[in-house]
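Report on one structure; see the data block that follows.
Below, each value reflects all heavy atoms present in this structure, side chains not excepted, and no hydrogens, waters or symmetry copies.
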Amino acid sequence: MIIGMPWWVFMMILFIFFSGYMAFRAMRAEKELENHYIEREGQVYIERMQEEREERHKKEATN
């Protein structure tokens with residue numbers, strides 16, 4: 001016993017902290033993955049806008 005506490009209570013407290021740490025890690029990894037996805041989709045959108053702008057300038061130049 002540690003400080004009058006049964007060993008299984010001590011283990012449960014450790015598991016609770018470990019579970020919280022793992023949940024925090026998972027949340028942080030998911031947020032990072034989501035940010036990468038958002039950046040990639042934003043880049044696709046920007047490229048599409050640039051292509052449309054170039055096509056408009058080409059049409060205006062030919063007219």
**Q.** Gap separating the CE atom of M11 from the CZ atom of F18, nearest 0.5 angstrom
**A.** 11.0 Å
Q.
I need the E47 CD to Q43 CD distance, nearest 0.5 Å.
A. 5.0 Å
Q | Interatomic distance, I46 atom CD1 to E39 atom CD [nearest 0.5 angstrom] | A | 10.5 Å
Q) Which distance, rounded to the nearest 0.5 Å, do you find between the CZ of R53 and the CE of M49? A) 5.0 Å
(Q) Are V9 and W7 linked, directly or through intermediate hydrophobic residues, by side-chain heavy-atom contacts shorter than 4.5 Å (ILVMFWY only)? (A) yes
Q) Are Y37 and V44 grouped together when hydrophobic residues (ILVMFWY) are joined by side-chain heavy atoms under 4.5 angstrom apart? A) no
Q) Atom CG of N35 and atom CZ of R40: how far apart are they, to the nearest 0.5 Å? A) 12.5 Å
Q) Mind checking whether Y45 and E41 have side chains closer than 4.5 Å, heavy atoms only? A) no
**Q.** Check: S19 side chain, F15 main-chain N or O, donor-acceptor pair, under 3.5 Å
**A.** no
Q) Linking I/L/V/M/F/W/Y whenever their side-chain heavy atoms sit closer than 4.5 Å, directly or via other members, would W8 and F10 fall into one cluster? A) yes
Q | Rounded distance (nearest 0.5 Å) linking atom CD of E30 with atom CD of E32 | A | 11.5 Å
